[in-house]
Amino acid sequence: MKYDFKAIEEKWQKVWEEKQAFVASEDYSKPKFYGLVEFPYPSGSGMHVGHIKAYSGLEVISRKRRMQGYNVLFPMGFDAYGLPTENSAIKFNTHPRILTDRNIAKFTSQLKRVGFSFDWTKVIDTTEEDYYKWTQWIFLKLFEHGLVFRDQALVNYCPSCKVVLSNEDSQGGKCDICHSDIIQKSKDVWYLRITEYADKLLQGLDGVEYPENIKMQQVNWIGKSTGAFVDFSIKEVDESLRVYTTRCDTLFGVTFMVIAPEHPIIEKYRDKISNIDALDTYKEECAKKTEFERTQLVKDKTGVKIEGLTAVNPVNGKEIPVYISDYVMMGYGTGAIMAVPAHDQRDYDFAKKFGIDIIEVIKGGDISVEAYTGDGEMVNSDFLNGIEKKADAIEKMLGFLGEKGIGEKGVQYKMKDWAFNRQRYWGEPIPIVHCAKCGMVPVPYEELPLKLPNVENFEPGEGGESPLAKIDSFVNCKCPKCGGDARRETDTMPQWAGSSWYFLRYIDPKNDKVFADKEKLNYWLPVDWYNGGMEHVTRHLIYSRFWHKFLYDIGEVPTAEPYAKRSAQGLILGPDGQKMSKSRGNVVDPNDVVNEYGADTLRVYILFMGDYGMAAPWSESSMRGCKRFLDRVAELPSMIKGEGATPALESLFHKTLKKVTLDIEDMKFNTAIAAMMTLLNAIYDNGSLTRDELKMLVQMLSPFAPHLCEEIWEQLGGEGLCSLSAWPQYDETKTVDSTVEIVVQINGKLKSRLNVKADISAADAISAAKADEKIAAEIAGKAIIKEIYVPKKLVNIVAK
RNA sequence: GCGGGUGUGGCGGAAUUGGCAGACGCGCUAGACUUAGGAUCUAGUGUCACGCACGUGCAGGUUCAAGUCCUGUCACCCGCACCA
């Protein structure tokens, strides 16, 4: 058969669409499979082979599940709000709505050309009113339950994008979008109280099937630590300074305190501080430093002593100085620390620089050289002296602190509340009204969606104001509560909002009464398998777990966790082994590949490249190998002889089917394809195969190369669509060989090979081995110490 | 610094979890068919001192047997990072 991939692919894509072959059914009596892939951000540059890899894994699994009789939901949509579109809107002076629609159309046609079996009747677009209505609805629910608050805070601000970013979006002190340096700016910010869910997010990990590295990343991100809060009184004023410490066992070694430059106690007692000017100067310098500069100066500690405030160590009454330094962060703990230079390297560096006492309280190190952070016997510590175990010392100290009312056990998280607003146009409007009389008033549910107004100018304001602030008709409104004049909130939600619940909307995308029907949620949740990139592990994956858990707590969804299982694909690197990027010019466009080699080749190659979870470089010549494989498959119909099974091939067919069936479940697509290549080579060596065998082969290949397989299936007179035919069953008994080749070793070295019956006894195998000429010669005159038989593998004779 | 991961032919990668290292593919070599080949077919292809010799980043160890387990070490990649 001539393999005209272009004609074949167009033909079958049309048939699948007409027959609605991959539409999830409403038949809830069938077992379900909900396979989810991270929906793309429809950027102007179109798709990337990385997108194809990200979707191909669950594409194969979903296609197999359908053939295995599951009711499969495998949806696709577009996460279309976000800065890149808005930036190109400004650049090309084109409305983001127009750009978004254009980009979605482009993505859709590219996805369809690859032949993905998405349920296209359930496509969602996060920027459509009937979608973001429910994003706003969830926001209001969060508001209603006290999980939304507004605070004047130092925020990560990108001076180039003119936008406030969350911690997650400014990792490493760089803007996630434009990579400019982030500066700290004081602003009114909307927060979602994700920290309220820190423990639930942590505990929930126990019950889900995520790879260990993903769990670890989330655990580290949440960063739970247990320690103690301790109050240090200030001598000059009636005030105490609270610190958080994980090492309250070292309290007797405290020789000074450090507070963050922004700590409010400085403002509160300005008039008591004699060197306030020096503190102000230092504070200004810190605000100017970029994150990068701060981390560069880890070893070089800076700070200023506060003259006029002296702290008192609560365990021994010693008076100690208080410093400000930028090595203490306002955003973690209490913004103040007790410094124990003998047992904390940072405090040690600081003490050395400022000539502060260093008192050893744990034996074991040499504090004239560096801080000692290990375990050891407690000294110089009054009632703790002599204790050897850290845990015991902490326990005893906690008891003491509790008794005296100067401290208590405490828990801290690295995770911070989620800064949930952007001063930008292309996002969901935050449905809140500011009323002089009533304060923050939520827009009533029945008025949702609060529509994003159509504007002409999307440039953000110079002061970091949203473009919406310039639209009077949007801003000026009546307070829903008192009816008086009020102003609308003009910030929009961050790009992560829409993706935090999209998997729920796929279940019932057209519902205009609720975000999704309860019965449908009950049937489809949780997502059985979610595949996506590692870059979303500490953002989208945590955010969406948070929203889902909240919805669960208020009774809106039936499961505590959204995703039962998560996997992650590895990157596709450029042919040069570098990460693909436009600037390097090593990006491969899937459209070009589909044009030149066909979608089936692209799909097979992407899954054959290597381990699905690992990065692998693109190689066009390797891809040609996959094309050759499919070319040879396309020739098979001309090699058919008869029906039933070919004796020489039967066992290999069942072995291959077994391997493919099992490997797909482990996402070991590369070895599944390799096994089918091996089978194909054997068929060619044999010169023929039967009609039934070819049917079986195209069925097992069809999740990978569905177009070609449909074509052959049709030629063979297969019933219905190959994509919806019943997954073939392998016969276990036919996968085992009656005779096997075993290896004979002397002292673990390979010396000979034997063919034996598979079920041969150990004694028979060993005597057969000894009867072998080479072996007999080897062991002649030697004492046999041990004889080992590993069934179907080898005989090893230990001889001296 | 902390956490996670990876080191196997010229290249991408296999190896049922301790049992024949290098499956499968690429590339390469030779030949066939060709006016031609980024086509197809056939054979070969880890290394060399061609021995059942040596070989899985390096050095040890456990074992009848180690890519796989243990100890140490080096290199690279990815997260987080002055987290108190």
Side-chain angles (χ1 to χ4, degrees), chain A residues 171-173 211-217 219-221 223-225 227 243-247 250 258 291 294-295 297-301 325-329 331-340 344-347 349-350 412-415 534-535 537-538 570-571 573 577 579 596 604-605 608-611 613-626 628-629 631-632 635 658-659 662-663 668 670-681 684 741-753 774 778 785-799:
Chain A
Q171 293 178 22
E212 205 48 40
N213 60 336
I214 291 182
K215 284 192 183 181
M216 282 317 298
Q217 268 196 46
V219 168
N220 289 344
W221 187 258
K224 182 175 182 170
S225 94
V243 302
Y244 174 71
T245 178
T246 54
R247 295 299 304 274
T250 62
V258 186
E291 197 74 27
R294 278 176 85 143
T295 50
L297 299 170
V298 168
K299 283 281 159 198
D300 188 25
K301 297 280 181 290
S325 172
D326 65 354
Y327 86 89
V328 174
M329 311 286 148
Y332 183 77
T334 61
I337 62 155
M338 57 177 229
V340 186
D344 181 291
Q345 192 57 41
R346 294 156 299 173
D347 299 345
D349 295 339
F350 194 89
Q412 283 294 304
Y413 300 93
K414 284 191 210 171
M415 185 169 70
M534 285 305 292
E535 69 275 21
V537 166
T538 52
L571 290 176
L573 305 173
K579 198 170 164 179
E596 206 172 334
V604 170
Y605 172 60
F608 182 66
M609 288 174 87
D611 187 313
M614 305 246 240
W618 185 264
S619 157
E620 187 155 348
S621 54
S622 267
M623 185 170 56
R624 274 199 287 273
C626 293
R628 270 196 276 274
F629 166 62
D631 285 341
R632 280 153 56 90
E635 287 305 316
K658 180 178 180 182
K659 183 154 182 62
L662 298 178
D663 278 358
K668 288 164 78 176
N670 53 337
T671 51
I673 294 166
M676 290 186 280
M677 288 174 167
T678 305
L679 174 63
L680 183 75
N681 291 341
Y684 270 75
E741 187 186 69
I742 61 166
V743 171
V744 185
Q745 299 177 332
I746 304 289
N747 300 331
K749 299 277 183 197
L750 173 66
K751 296 289 175 186
S752 185
R753 295 159 200 278
K774 288 183 215 157
E778 284 280 344
I785 295 162
K786 204 169 178 183
E787 295 165 332
I788 296 141
Y789 173 62
V790 181
K792 297 182 200 179
K793 296 280 183 203
L794 55 74
V795 171
N796 188 16
I797 298 169
V798 185

List every contact pair, protein side and nucleotides 8-12 of chain B side both N or O, where the distance is under 3.5 Å.
| residue | atom | partner | partner atom | Å |
| --- | --- | --- | --- | --- |
| B:G12 | O2' | A:Met609 | O | 2.6 |

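- No side-chain donor-acceptor contact under 3.5 Å links A:Glu787 to the backbone of A:Ile797.
- A:Gln745 comes within contact range of at least one nucleobase, with a heavy-atom separation under 4.0 Å.
- Going from the C1' atom of B:C24 to that of B:G18 covers 24 Å, rounded to whole Å.
- A cation-pi contact links A:Lys301 to A:Tyr327, judged by a cut-off of 6.0 Å to the six-membered ring centre and 45° from its axis.
- Taking atom P on both B:U17 and B:G25, the two are 25 Å apart, rounded to the nearest angstrom.
- Rounded to whole Å, the separation between the C1' atoms of B:G55 and B:C50 comes to 15 Å.
- The shortest side-chain heavy-atom distance between A:Met534 and A:Asn213 falls under the 4.5 Å cut-off.
- Of the side-chain N and O atoms in A:Lys414, none sit less than 4.0 angstrom from OP1 or OP2 of B:C83.
- Across all strands shown, B:U40 pairs with B:A32; the Watson-Crick or G-U wobble distances both stay below 3.5 Å.
- In this structure, B:A75 forms a base pair with B:U6, meeting either the Watson-Crick or the G-U wobble geometry with both donor-acceptor distances under 3.5 Å.
- Contact between the side-chain N/O atoms of A:Asn670 and the OP1/OP2 oxygens of B:A14 is found at a separation under 4.0 Å.
- A:Gly335 approaches A:Val328 most closely through the heavy-atom pair O-CG1, 3.4 Å.
- The A:Val798 side chain lies nearest to B:C64 when the options are B:C64, B:A84, B:C24.
- Under 4.0 angstrom from either OP1 or OP2 of B:G25 there lies at least one side-chain N or O belonging to A:Asn681.
- Relative to the side chain of A:Asn213, the nucleotides B:G19, B:C82, B:G4 differ in distance, and B:G4 lies closest.
- In terms of position on RNA chain B, the residue among A:Gly335 and A:Asn220 whose nearest nucleotide sits closer to the 5' end is A:Asn220.
- Of the candidates B:G3, B:C26, B:A14, the closest approach to any side-chain atom of A:Ser621 belongs to B:C26.
- A:Lys414 places a side-chain heavy atom less than 4.5 Å from the side chain of A:Tyr332.
- Both distances falling under 3.5 Å, in either a Watson-Crick or a G-U wobble arrangement, occur for no nucleotide opposite B:A14.
- Pairing of B:G22, defined by two Watson-Crick or G-U wobble distances under 3.5 Å, is not identified with any nucleotide.
- In this structure, A:Trp618 and A:Tyr605 have perpendicular ring planes: the angle between them is above 60°, well past the 30° mark.
- When distances run from any side-chain atom of A:Met677 to the nucleotides B:A65, B:C24, B:C26, the shortest one goes to B:C24.
- When the nucleotides B:G3, B:C24, B:C82 are ranked by their closest atom to the side chain of A:Ala674, B:C24 comes out on top.
- Between the CZ atom of A:Arg624 and the CD atom of A:Glu596 there is a distance of 8.5 Å, given to the nearest 0.5 Å.
- The line from CD of A:Gln412 to NZ of A:Lys224 is 11.5 Å long, rounded to the nearest 0.5 Å.
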Using a cutoff of under 3.5 Å, can you pull out all pairs of nitrogen or oxygen atoms linking the protein to nucleotides 50-57 of chain B, with atom names and distances?
| residue | atom | partner | partner atom | Å |
| --- | --- | --- | --- | --- |
| B:C52 | O2' | A:Leu750 | O | 2.7 |

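- With P as the reference atom, B:C70 and B:C76 are 24 Å apart, rounded to whole Å.
- A:Tyr244 places a side-chain N or O within donor-acceptor distance of the main-chain N or O of A:Gly227, the cut-off being under 3.5 Å.
- Glycosidic conformation of B:G9 is syn; the angle stays within 90° of 0.
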Could you write out each protein N or O paired with an N or O of nucleotides 36-38 of chain B at a distance under 3.5 Å?
| residue | atom | partner | partner atom | Å |
| --- | --- | --- | --- | --- |
| B:G38 | N2 | A:Glu596 | OE2 | 3.3 |
| B:G38 | N2 | A:Tyr597 | OH | 3.0 |
| B:G38 | N2 | A:Arg624 | NH1 | 3.1 |

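- B:U16: glycosidic angle beyond 90° from 0, hence anti.
- Sequence order on RNA chain B of the closest nucleotides to A:Leu794 and A:Met216 puts A:Met216 first from the 5' end.
- Spacing of P atoms, B:C78 relative to B:G67, comes out at 30 Å, to the nearest Å.
- Pairing for B:C48 goes to B:G51, judged as Watson-Crick or G-U wobble with the two contacts each under 3.5 Å.
- Taking side-chain N and O atoms only, A:Lys668 has a distance below 4.0 Å to OP1 or OP2 of B:A15.
- Comparing the P positions of B:G10 and B:G57 gives a spacing of 14 Å, expressed to the nearest Å.
- Within the 3.5 Å criterion, the main-chain N or O of A:Val340 finds a donor-acceptor partner in the side chain of A:Asp347.
- Residue contacts for A:Glu741: at a heavy-atom cut-off of 4.0 Å it reaches a base atom on one of the strands shown.
- Judged by distance alone, with hydrogens and angles left aside, the side-chain atoms of A:Tyr684 form a donor-acceptor pair with the main-chain N or O of A:Arg632 at under 3.5 Å.
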- Message: Between A:Met677 and A:Ile673, does the side-chain contact (heavy atoms from CB on, under 4.5 Å) criterion hold? Intermediate values first, please.
- Response: CA-CA 6 Å; A:Met677 288 174 167; A:Ile673 294 166; 3.9 Å; yes
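- Listed for the A:Thr250 side chain is a donor-acceptor partner under 3.5 Å among the backbone atoms of A:Arg247.
- Residue-to-nucleotide contacts include no donor-acceptor pair under 3.5 Å from the side chain of A:Lys793 to the base of B:C20.
- With both pairing distances under 3.5 Å, B:A81 is matched to nothing as a Watson-Crick or G-U wobble pair.
- Base pairing of B:G60: its partner is B:C70, meeting the Watson-Crick or G-U wobble criterion (both donor-acceptor distances under 3.5 Å).
- Considering only side-chain atoms of A:Tyr244, the nucleotide from B:A14, B:G3, B:A84 that sits closest is B:A84.
- Within the 4.5 Å cutoff, side-chain heavy atoms of A:Ile742 are placed close to those of A:Val795.
- OP1 or OP2 of B:A84 lies within a sub-4.0 Å distance of a side-chain N or O belonging to A:Tyr332.
- Across B:U34 and B:C26, the matching C1' atoms stand 25 Å from one another, rounded to whole Å.
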